[in-house]
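Would you mind keeping the following structure in view while I ask a few things?
Quick note on labels: first sequence line is chain A, next is B, and so on, each numbered from 1.
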Amino acid sequence: MKRTKIRAALEATGPMDEIVIMGWVRTKRDSKGFSFVELNDGSTLLNIQAVIDHTPEIEAALHRVGTGASVRIGGALVESPGKGQKWEIRGRSLEVLGEADQETFPLQKKRHSDEFLRTIAHLRPRTNKFGAMFRIRSELAQAVHRFFSDKGFFYIHTPIITGSDCEGAGEMFRVTSLEPGSDASADNDFFGKPAQLTVSGQLSAEMFALSLGEVYTFGPTFRAENSNTPRHVAEFWMIEPEMAFADLADDMDLGEEMVKYLITHILDHCPNDVELFAKWVDKGLMPTLETIQGETFERLPYTEAIDILKKAKKDFEYPVEWGMDLQTEHERFLCEEQFGKPVYVYDYPKTIKPFYMRLNDDGRTVAAMDCLVPRIGELIGGSQREERLDVLLARMQAMHLSEEDYWWYLDSRRFGTAPHAGFGMGFERMLMLVTGVTNIRDVMPFPRTPNSLEF
RNA sequence: UCCCCAGUAGCUCAAUCGGCAGAGCGGGUGACUGUUAAUCACUAGGUUCGCGGUUCAAGUCCGUGCUGGGGAGCCA
């Protein structure tokens with residue numbers, strides 16, 4: 001069963017007398033005496049074309065072959081006399097591995113809508129667009145690890161099941177081993193206390209930054225929010241670096257470097273796949289990516305952002321006032337109209353940010369930052385963490401958080417505390433940025449959204 | 001969760017004022033000696049999302065539910 005992947009076959013430097021290709025039929029064109037069969041095996045966006053002369057056996061096999069069938073074709077790799085491809089297979093044998101009933105196979109040669117393809121999420125990776133998407137997704141994940149590895153960051157596997165509502169950020173999914181209807185008190189449950197799926201690995205990551213220096217987590221996170229937008233799902237992946245002996249400026253430097261690195265990596269490693277998105281999904285994709293690569297991100301204190309928004313000749317639905325959180329319309333105005341490039345807004349009012357963000361000397365803002373990018377909105381959210389035990393305790397009290405619940409977190413400030421900073425980046429949002437895809441459900445294999453758990 | 005829009009053949013859509021439900025693609029059959037989302041001919045294919053109402057008559061109007069999409073909130 002030794003096969004050559006189509007990607008390798010198409011990159012061949014010379015003809016080959018013997019080659020075996022296996023893949024799924026994208027299209028078949030019959031002529032008198034011979035047929036063209038185009039195969040895709042997922043190794044690349046491109047198909048390979050096989051030309052097969054008819055014999056009684058071949059014709060019988062071809063009769064069972066339609067779009068979607070999987071086949072094994074043996075023959076020779078030869079230069080193609082036709083236009084459109086350098087190499088093709090001169091087929092000598094054709095074996096049908098799996099038929100696809102043409103009456104019921106849902107994928108046709110023509111383009112489908114994204115909405116329809118979501119209803120067949122198990123088959124959509126067989127399309128050009130979603131094949132390209134998931135190759136890019138894989139490459140992007142590898143690039144994340146390489147970026148951090150090259151910089152000496154350690155990869156920490158923070159827990160998926162957690163026992164405390166880490167940040168108080170967002171609704172959490174309950175984890176239980178109890179049968180429905182049984183005594184649902186947490187005392188009887190597996191852990192003897194309430195358990196949830198994590199919403200962030202940050203607090204755990206901080207412990208390891210304050211031990212190993214520079215670390216990151218990259219894993220799934222869960223939000224039980226009933227939010228129905230093209231930018232939210234219940235299960236998504238987040239990248240969370242955490243650095244000891246670093247401040248907010250270091251944090252913003254890292255985020256900017258990382259975004260640029262990831263874009264460059266994908267452009268270098270997935271040119272065909274990215275080109276598909278630039279051509280069919282977002283005509284402005286390449287200029288957008290080049291802008292992000294080439295421009296220095298704007299760094300704008302929250303207070304100045306408010307001034308800009310107040311002076312803007314623009315009718316905002318939500319009135320602008322110091323102390324409020326920026327609304328979607330404000331974020332879009334800043335990065336799309338005012339600056340036309342990614343913008344860091346930093347030093348937010350402490351009242352709208354979580355307890356662990358470091359209090360600034362003005363007493364009213366914290367060292368928080370959000371990275372806003374055109375079309376996506378918030379790509380990165382981070383902060384310098386509050387390393388001073390007394391200040392941290394005061395903030396927790398003000399926010400009615402129990403000291404006992406966070407005893408281990410507070411220990412890091414009791415014993416050898418140090419300045420540190422980190423951020424979270426939504427992996428899917430980065431993928432949306434790189435591909436120009438506007439719905440997060442189309443950058444995930446099997447997206448989880450309210451009332452949707454089919455696959 | 002709130003606001004708006006949509007739901008008609010396998011897919012993408014059309015159907016004028018409420019008056020016989022249609023096209024392209026896809027499928028099937030056949031033709032064709034180099035095709036490129038091949039081409040040409042023929043052909044099959046419908047509970048117009050569900051329920052209720054108005055009307056001589058409803059795909060079309062009204063109510064309601066479901067599903068999908070967009071915007072907002074929450075956020076990554």
Side-chain angles (χ1 to χ4, degrees), chain A residues 26-38 46-54 63 66-68 78 80-85 88 90 100-120 127-128 167-171 198-202 218 220-240 255 280 316-318 325-332 352-354 370-373 376-382 423-433 438-444 449-452 454:
Chain A
R26 282 299 172 77
T27 175
K28 179 182 73 163
R29 293 180 291 273
D30 298 316
S31 270
K32 179 99 177 162
F34 64 97
S35 294
F36 298 97
V37 177
E38 271 192 54
L46 304 171
N47 302 330
I48 197 160
Q49 166 173 290
V51 193
I52 311 174
D53 286 330
H54 291 171
H63 205 73
T67 301
V78 300
S80 176
K83 283 179 185 160
Q85 62 279 320
E88 67 183 21
R90 170 60 64 178
D101 175 25
Q102 296 301 290
E103 299 273 2
T104 52
F105 183 61
L107 291 173
Q108 55 189 43
K109 290 175 233 179
K110 217 179 121 186
R111 196 187 158 274
H112 289 287
S113 65
D114 292 335
E115 291 78 14
F116 171 68
L117 290 172
R118 270 171 226 152
T119 68
I120 50 167
T127 64
N128 286 340
E167 305 181 44
E171 292 296 310
T198 183
V199 296
S200 162
Q202 181 200 313
F218 180 17
T221 48
F222 308 86
R223 304 280 165 92
E225 301 283 352
N226 185 15
S227 51
N228 289 283
T229 86
R231 297 185 306 279
H232 294 88
V233 277
E235 177 183 311
F236 62 98
W237 284 59
M238 195 150 60
I239 302 152
E240 296 177 287
W280 300 106
F316 291 119
E317 194 186 331
Y318 291 84
D325 209 351
L326 296 183
Q327 303 296 313
T328 299
E329 56 177 344
H330 306 133
E331 295 179 350
R332 293 191 67 135
I352 58 172
K353 291 293 181 185
D370 283 353
C371 181
L372 313 175
V373 296
I376 309 293
E378 186 183 334
L379 177 66
I380 290 173
F423 64 75
M425 170 193 278
F427 181 63
E428 280 78 15
R429 289 196 178 167
M430 186 67 209
L431 203 44
M432 291 166 76
L433 180 65
T438 52
N439 194 315
I440 194 168
R441 283 164 269 201
D442 295 333
V443 304
M444 313 189 74
T449 50
N451 286 314
S452 173
E454 184 63 28

What is the pairing partner of G59(B), taking Watson-Crick or G-U wobble pairs with both distances under 3.5 Å in any strand?
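Partner of G59(B): none found under 3.5 Å.
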Counting only side-chain heavy atoms from C-beta out, which of U36(B), G73(B), U33(B) sits nearest to Lys32(A)?
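Selected nucleotide (nearest to the side chain): U33(B).
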I'd like the C1' distance from G50(B) over to G7(B), given in whole Å.
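About 12 Å, rounded to a whole number of Å.
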Residue Thr328(A), side-chain atoms from C-beta onward, closest of G27(B), C11(B), G73(B)
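Closest of the options to the side chain of Thr328(A): G73(B).
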Say you pick atom P in C40(B) and the same atom in G24(B); how far apart are they, in whole Å?
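Rounded to whole Å, the distance is 11 Å.
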Pick one for C17(B): is it syn, with its angle within 90° of 0, or anti?
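Syn, since the glycosidic angle lies within 90° of 0.
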Can you tell me how far the CD atom of Glu88(A) sits from the CG atom of Asn47(A), to the nearest 0.5 Å?
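Taking CD in Glu88(A) and CG in Asn47(A), the distance rounds to 13.5 Å.
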Between Glu329(A) and Lys83(A), name the one whose nearest nucleotide on RNA chain B is closer to the 5' end.
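Closest to the 5' end, via its nearest nucleotide, is Lys83(A).
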Side chain Gln108(A), main chain Pro106(A), donor-acceptor under 3.5 Å:
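Looks like no, no N/O pair under 3.5 Å.
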Under 3.5 Å, which protein N or O atoms sit close to an N or O of nucleotides 47-50 of chain B? Give each pair with its distance.
none

Rounded off to whole Å, could you give me the CG-to-P distance for the Asp30(A) and A37(B) pair?
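Value for this atom pair: 16 Å.
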Can you tell me if Thr27(A) touches the phosphate of A38(B), counting only side-chain N or O atoms and a distance under 4.0 Å to OP1 or OP2?
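Yes, because at least one side-chain N or O of Thr27(A) sits under 4.0 Å from OP1 or OP2 of A38(B).
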Take atom P in C4(B) and the same atom in C51(B), then report the distance between them in whole Å.
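Here C4(B) and C51(B) have their P atoms 26 Å from each other.
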Between the base of G34(B) and the side chain of Arg90(A), is there a donor and acceptor pair under 3.5 angstrom?
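In this structure, the two groups form a donor-acceptor pair.
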Under the side-chain hydrogen bond (donor to acceptor under 3.5 Å, both in side chains) test, residues paired with Asp101(A) that sit two or more places apart:
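Partners of Asp101(A) under the side-chain hydrogen bond (donor to acceptor under 3.5 Å, both in side chains) test: Thr104(A).
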Measure the distance from CG on Asn226(A) to P on C2(B) and round it to the nearest whole Å.
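After rounding, the gap between these two atoms is 9 Å.
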With Glu38(A), the side chain to side chain donor-acceptor pair (under 3.5 Å) member among Arg29(A), Lys109(A), Gln85(A)
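For Glu38(A), the side chain to side chain donor-acceptor pair (under 3.5 Å) test succeeds with only one of Arg29(A), Lys109(A), Gln85(A), which is Arg29(A).
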Write down the protein N/O and nucleotide N/O pairs, taken from nucleotides 22-24 of chain B, whose separation is under 3.5 Å; answer none if there are no such pairs.
residue : atom : partner   : partner atom : Å
G24(B)  : N2   : Lys110(A) : NZ           : 3.4

Applying salt bridge (Lys or Arg N to Asp or Glu O under 4.0 Å), name anything that partners Arg26(A), two or more places apart in sequence or on another chain.
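Here no residue qualifies.
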Any N or O donor-acceptor pair linking the side chain of Gln85(A) to the base of U35(B) at under 3.5 Å?
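Counting by modelled atom types and ignoring angles, a donor-acceptor contact under 3.5 Å is found here.
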List in chain and number order the residues that pass salt bridge (Lys or Arg N to Asp or Glu O under 4.0 Å) with Arg90(A), two or more places apart in sequence or in another chain; answer none if no residue qualifies.
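Scan of Arg90(A) (salt bridge (Lys or Arg N to Asp or Glu O under 4.0 Å), adjacent residues dropped) gives Asp53(A).
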Whole-Å distance separating the CG atom of Leu326(A) from the C1' atom of C75(B)
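Rounded to the whole Å, the gap is 13 Å.
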Write down the distance separating the C1' atoms in U36(B) and A21(B), rounded off to the nearest Å.
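Going atom to atom, C1' in each nucleotide, I get 36 Å.
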Can you find a donor-acceptor pair, distance only, under 3.5 Å between His232(A) side chain and C75(B) base?
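Check passes, donor-acceptor contact within cut-off.
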Considering every strand and a 4.0 Å limit on heavy-atom distances, what is the contact class for Tyr318(A): base, sugar-phosphate, or nothing?
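Answer is sugar-phosphate: Tyr318(A) comes under 4.0 Å of backbone atoms only.
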Opposite nucleotide pairing with C40(B), Watson-Crick or G-U, both atom distances under 3.5 Å:
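Because both required distances fall under 3.5 Å, C40(B) counts as paired with G30(B).
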Ignoring the backbone of Pro81(A), work out which of G34(B), U1(B), C74(B) is nearest its side chain.
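Nearest to the side chain of Pro81(A) among the choices is G34(B).
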N/O to N/O distances under 3.5 Å, protein versus nucleotides 66-70 of chain B:
residue : atom : partner   : partner atom : Å
G69(B)  : OP1  : Arg118(A) : NH1          : 2.7
G69(B)  : OP1  : Arg441(A) : NH1          : 3.4
G69(B)  : OP2  : Arg441(A) : NH1          : 3.2
G70(B)  : OP1  : Asn439(A) : ND2          : 3.2

Could you tell me which nucleotide pairs with A21(B) by Watson-Crick or G-U wobble geometry, both distances under 3.5 Å, or answer none if nothing does?
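Its partner: none found.
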Look up atom CG in Asn128(A) and atom CZ in Arg111(A), then write down how far apart they are to the nearest 0.5 Å.
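These two atoms lie 11.5 Å from each other.
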Derivation and outcome, side-chain contact (heavy atoms from CB on, under 4.5 Å), residues Glu317(A) and Glu329(A)
CA-CA 8 Å; Glu317(A) 194 186 331; Glu329(A) 56 177 344; 3.6 Å; yes
Derivation and outcome, side-chain contact (heavy atoms from CB on, under 4.5 Å), residues Leu107(A) and Thr67(A)
CA-CA 8 Å; Leu107(A) 291 173; Thr67(A) 301; 5.7 Å; no
So which one's nearest nucleotide on RNA chain B is more toward 5', Leu107(A) or Glu317(A)?
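Comparing both residues, the 5'-ward one is Leu107(A).
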For C74(B) versus U67(B), give the span between their C1' atoms, rounded off to a whole number of Å.
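Result for the C1' pair: 24 Å, nearest Å.
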